[in-house]
2 protein chains.
Amino acid sequence: MEDKIFREFLEKKGLKFTKERAAVLKEVFSNHNHFDPDDLYVKMKGQGMKVSKASVYRTLPLLLECGLVEQVERFDKHAHYEHTFGHGHHDHLICIKCGKVIPLFSEKLEKLQESLCKQEKFRCLTHILEIKGYCSKCEEKGQGGKQKRPGV
Amino acid sequence: MEDKIFREFLEKKGLKFTKERAAVLKEVFSNHNHFDPDDLYVKMKGQGMKVSKASVYRTLPLLLECGLVEQVERFDKHAHYEHTFGHGHHDHLICIKCGKVIPLFSEKLEKLQESLCKQEKFRCLTHILEIKGYCSKCEEKGQGGKQKRPGV
DNA sequence: TTGTAATTGAGAATCAATCTCAATAGAGGA
DNA sequence: TCCTCTATTGAGATTGATTCTCAATTACAA
């Protein structure tokens, strides 16, 4: 199914559905975890697939553009992605103590954002919302001591 | 005023209020624009101030931590910041055509986020919301042609 | 003033992401 | 099927923001 979406997107742009692009797509959809480009590359290599790092880096923006993946967790140094087909857009709560990422979706929140954009005559395409704080477990334990990642 | 906040924050952490840190703070608050660490460094150098790039990069996370600056626009390759004291937290609408950044604040939106966090028993400290799309001007003109920054 | 731990600066190091360019492979037409 | 025209690929070099290193310096308390 993702295949079809990607294929049509590429065709519309006059680009080709190559085996490398297909392989990246397949890997991205092979599970529901977040990933970063390098992880993905290493995993593909580990499975004996034939791709270069450059191809991975070149394919991900295409998947972004056609909405099959979204970027998350941009507070970190490098890009993180997750695929969206099959579970749709959602936001994230990120615990700055243990690093846990909790997905969050609220119809009300989405609607409110839309209406705010409308007020500004802004045509919204995508958005990213990341809320940083302490998850219930870390909050219980207290958050004494130095943080591992100051500034986050 | 920012001075006092920063000073007390440093003291609480057992850190020193040095002239380099003071200089970075002053420069950050010298106007209301967004900036990136390197810009800031160059500007300070241009004014004959005595700081190293390393100090700038070391000071910004401290300012982040005490809430005097926030990160914005993390879709780009490098970090962007803005100071928050004096105008408080707000979100951003970012035009993917012309790059314009429109600040947005909605009490309702903030409240809704808080209540969602409460539902998840998550203690929210900060958040970042960036909405990407077309501003009214670019929307008028139509958005034909290839994008300069595909994938954004 | 002295002791001492924090801080600084200059440049090296890191490392994700991008670029280069010759070789290769789709897709449509003959 | 073969041909041609582009788009694409891979390997490695390059870029560039950010972080690290470490000797010299500085702030602060006694």
Side-chain angles (χ1 to χ4, degrees), chain A residues 3 6-25 27 34-45 48-65 69 71-81 146 148-152, chain B residues 3 6-25 27 34-45 48-64 69 71-81 146-152:
Chain A
D3 274 52
F6 194 32
R7 208 164 204 134
E8 284 170 2
F9 166 77
L10 290 174
E11 195 170 355
K12 205 165 57 194
K13 298 203 73 166
L15 303 175
K16 290 165 183 169
F17 186 75
T18 63
K19 42 182 176 318
E20 288 82 3
R21 284 174 180 160
V24 171
L25 179 66
E27 191 57 35
H34 290 185
F35 60 92
D36 64 55
D38 200 62
D39 282 352
L40 197 70
Y41 169 71
V42 170
K43 230 169 76 187
M44 292 178 79
K45 274 303 193 189
M49 295 167 121
K50 186 183 145 290
V51 262
S52 66
K53 200 173 277 199
S55 286
V56 172
Y57 275 98
R58 282 188 289 229
T59 302
L60 285 172
L62 295 171
L63 292 174
L64 244 194
E65 204 181 339
V69 307
Q71 279 187 331
V72 282
E73 262 201 271
R74 287 302 311 256
F75 274 108
D76 207 338
K77 195 166 6 184
H78 51 299
H80 285 247
Y81 299 87
K146 287 203 176 181
K148 301 110 209 182
R149 288 159 67 203
V152 171
Chain B
D3 274 51
F6 193 33
R7 206 163 206 139
E8 284 171 2
F9 166 78
L10 290 174
E11 194 171 354
K12 205 164 56 193
K13 299 202 69 163
L15 303 174
K16 290 165 184 171
F17 186 75
T18 62
K19 41 181 175 320
E20 288 82 3
R21 285 175 180 160
V24 171
L25 178 67
E27 191 57 34
H34 290 184
F35 61 90
D36 64 56
D38 200 62
D39 282 352
L40 197 71
Y41 169 71
V42 170
K43 230 170 76 188
M44 292 179 78
K45 275 302 194 188
M49 292 168 122
K50 186 182 144 292
V51 262
S52 67
K53 200 173 275 199
S55 286
V56 172
Y57 275 98
R58 282 188 288 230
T59 303
L60 286 172
L62 295 172
L63 292 175
L64 245 193
V69 306
Q71 279 188 331
V72 282
E73 263 199 271
R74 286 303 309 256
F75 274 109
D76 206 339
K77 195 165 6 185
H78 50 301
H80 284 247
Y81 299 87
K146 289 203 174 178
Q147 247 159 63
K148 302 112 210 179
R149 287 161 67 202
V152 170

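Below, chains carry the letters A, B, ... as their sequence lines are ordered, and counting in each starts from 1.
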Under the salt bridge (charged side-chain N to carboxylate O under 4.0 Å, His left out) rule, collect the residues that match up with [X], sequence neighbours excluded.
| X | result |
| --- | --- |
| A:Lys45 | none |
| A:Glu8 | A:Lys4 |
| B:Lys43 | B:Glu27 |
| A:Asp3 | none |

Whether each nucleotide of nucleotides 2-12 of chain D has a protein heavy atom under 4.0 Å at its base (B), only at its sugar-phosphate (S) or at neither (-) is summarised, 5' to 3', as ----BSSBBB-
Angle between the end axes of the helix from C:dT1-D:dA30 to C:dA30-D:dT1, five pairs per end, to the nearest 10 degrees? 30°
Would you kindly compare B:Tyr57 and B:Phe17 by the position of their nearest DNA chain D nucleotide and give the one closer to the 5′ end? B:Tyr57
Is A:Glu20 paired with A:Lys50 through a side-chain N to carboxylate O contact shorter than 4.0 Å? yes
Heavy-atom distance under 4.5 Å between the side chains of A:Asp38 and A:Val56, does that happen here? no
Using modelled atom types only, decide if a donor and an acceptor are shared between the side chain of A:Arg21 and the backbone of A:Thr59 within a distance under 3.5 Å. no
What integer distance in Å separates B:Leu62:CG from D:dT19:P? 12 Å
Quick one: B:Phe35 CZ to D:dT18 P, roughly how many Å, whole number? 12 Å
Could you check whether the rings of A:Phe35 and A:Tyr81 sit parallel, tilted or perpendicular, using 30° and 60° as the cut-offs? parallel
